[in-house]
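Here is the structure we will look at.
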2 protein chains.
Amino acid sequence: MSDNIKKRKVVIVDDHPLVIEGFKNVLKDHLDFQIVGQFRKAEDFQNFMATEVVDIILLDITLPDGNGIHICREVKQANPEIIVLGISNLSERSIVKQMLQNGANGYLLKTADSNDILYCLQAAIDGEIVLSQEIRELFDMADLRKPEDIPELTKREKQILQLLAEGKKSLEIAESLFISPLTVKTHRATLLQKFQTGSLVILINKAKEYGLL
Amino acid sequence: MSDNIKKRKVVIVDDHPLVIEGFKNVLKDHLDFQIVGQFRKAEDFQNFMATEVVDIILLDITLPDGNGIHICREVKQANPEIIVLGISNLSERSIVKQMLQNGANGYLLKTADSNDILYCLQAAIDGEIVLSQEIRELFDMADLRKPEDIPELTKREKQILQLLAEGKKSLEIAESLFISPLTVKTHRATLLQKFQTGSLVILINKAKEYGLL
DNA sequence: TTAAAAATACTCCCTACGGAGTATTGTAAT
DNA sequence: ATTACAATACTCCGTAGGGAGTATTTTTAA
């Protein structure tokens, strides 16, 4: 099975101990892989990476103190040869896309089973971009790796978006930010325009999809 | 540690194989527990339960073909002595409450670590209602076990709620359901009333919180 | 320091939404 | 058969939302 004498050094970054345990269980009987680190926080992981050499990183998207997408980019910039596989419960297109655009070698859902995981690891080593089955279905023949246009928002816009997502009316927002309701209206209009929709609900849905909320 | 000769029979119901692996890893070295079943689908679990006897059920809330809350109620109605612990990523109050109201002996977040899990299992066996740390923080001194009034919706209302959550306007909904926009308006008004709010966004937020979407 | 971007605030206009109430028809369960 | 609820559809009214455009001040970056 292995064409290498050395084991691949694997680190797991996930804030769910159960998931870490799960990966350990899946990998522990396989001679090709050796888990050399497990981290629940981005910071711990980054400290580790400052001094250690690894081959494969299993990286959760949602971490208590950071964002898997950014971490992925940093790792890949410093060490493009390291294989980074995103792992997450989230099967949203934009997130998967962002991971891949930031250099990830693949993306696994936590619903993947042992075989799936081992297959994806091997395929990633072989240079493929691996997506677990469900993710692949999400995309059909969609233009992967072409950036989804996530609108850039100003500080104020993000603030107002947040309040809108809480169900606040323009007047309430105006009061809590000490500005004119008409200004709120302007910001809201800009948000709708940037998200290319005429519906508050769609605006908020998209914002959530893009990880802005 | 154990005051029993027989091992407690544990089953795990979770659609994430990694989580199952994690629990197996946590429990496998403990003489008190024995995993006698693991299921990714509610149906498989229910077939198993029809013929087997178990002591403890670790039950995910979100399953591909069912709802942990309902399953919990069924199990507890048939066998009140079985210990049911909810496990989930979701730390929303209403969901935890619903589990407990339906007889669950506790609720663990998947972020719980091995010690946390073992402690909670033991405490549940000792007759306590166990909540993992983060969940307990959510509640403070809140009136647990008093039902949160989750509105009962009719078929049509659920249908329209769904479309509203997708950002559809009343007119679009009317067209796709072949009814008058005024009827849609009536249903929307009923929804807002049942959720006790005047904001579509809040309506949708609550619906999501209650697991209706 | 000067140009660009952000935040502020307004106009006008029209439509969609939200509150309150009434009414008819259909469809369950008792 | 009859009571209850669901689903349908309407009226009237007022406000909030949304489209399009203009304009001033403040902040930030080149």
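Below, chain A is the first sequence line, B the second, and so on; all start at residue 1.
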*Verify, without hydrogens or angle tests, whether B:N105 (side chain) and B:L85 (backbone) share a donor-acceptor contact under 3.5 angstrom.*
no
To the nearest angstrom, the CZ-P distance between A:R188 and C:dA9 comes to 15 Å
Item to check | Any donor-acceptor N/O pair, B:D55 side chain to B:K9 backbone, under 3.5 Å | outcome: yes
When rounded to whole Å, the CD to P distance for the pair B:E172 and C:dT15 reads 16 Å
So CG of A:L200 and OG of A:S170: to nearest 0.5 Å the spacing works out to 8.0 Å
Exam field: side chain B:T186 to backbone B:L182, donor-acceptor pair closer than 3.5 Å: yes
Separation between CD1 (B:I12) and CZ (B:R40), nearest 0.5 Å, reads 13.0 Å
Task: Ion pair check, A:K194 and A:E157, cut-off under 4.0 Å - done: yes
- Message: Within the 4.0 Å heavy-atom criterion, would you say B:L171 contacts the bases, only the backbone, or no part of the nucleic acid?
- Response: nothing
| task | Would you tell me if any nitrogen or oxygen in the side chain of B:H187 comes within less than 4.0 Å of OP1 or OP2 on D:dA7? | result | no
Atom NZ of A:K194 and atom C1' of D:dG19 are separated, to the nearest Å, by 17 Å
Scanning both residues in full, the closest heavy-atom pair of A:M49 with A:I57 reads CE-CD1, 3.9 Å
Taken to the nearest whole Å, CG/A:L182 to C1'/D:dG18 is 13 Å
Tell me whether B:E172 contacts the main-chain N or O of B:K169 through its side chain, where contact means a donor paired with an acceptor under 3.5 Å.
yes
By nearest-nucleotide position on DNA chain D, the 5'-leaning member of A:K168 and B:E157 is B:E157
B:L163 atom CG is separated from C:dC17 atom P, nearest whole Å, by 13 Å
Rounded to whole Å, the CG-P distance (A:L191 to C:dT8) equals 13 Å
Computed from five pairs at either end and rounded to 10 degrees, the angle between the axes of the helix from C:dT2-D:dA29 to C:dT30-D:dA1 is 70°
Each nucleotide of nucleotides 23-30 of chain D classed B (base within 4.0 Å of a protein heavy atom), S (only sugar-phosphate) or -, in 5' to 3' order, makes --------
Picking from C:dC17, D:dT11, C:dA7, the nucleotide nearest the side-chain atoms of A:T154 would be C:dA7
> What does B:I179 touch in the nucleic acid at a heavy-atom separation under 4.0 angstrom: a base, only the sugar-phosphate, or nothing?
Replying inline: sugar-phosphate
When rounded to whole Å, the CZ to C1' distance for the pair A:F195 and D:dG18 reads 17 Å
Taking NZ, NE, NH1 and NH2 as the nitrogens, is one of them in B:K168 or B:E166 under 4.0 Å from a carboxylate oxygen of the other? yes
Between the CD1 atom in B:I204 and the CG atom in B:L164, the distance rounded to the nearest 0.5 Å is 6.0 Å
Taking only nitrogen or oxygen atoms into account, show me every contact under 3.5 Å that the protein makes with nucleotides 19-23 of chain C, one pair per line with its distance.
residue : atom : partner : partner atom : Å
C:dG19  : O6   : B:K185  : NZ           : 3.4

Exercise. Considering just the side-chain nitrogens and oxygens of B:S180, establish if one lies under 4.0 Å of OP1 or OP2 belonging to D:dC10.
Key: yes
Within the distance-only criterion (no hydrogens, no angle test), does the side chain of A:N79 pair as donor or acceptor with the backbone N or O of A:E81 below 3.5 angstrom? no
Would you say D:dT8 has OP1 or OP2 under 4.0 Å from some side-chain N or O of B:T183?
no
From CG of A:L203 across to P of D:dG17 the rounded distance in Å is 13 Å
CD of B:Q38 to CG of B:D44, rounded to nearest 0.5 Å, is 11.0 Å
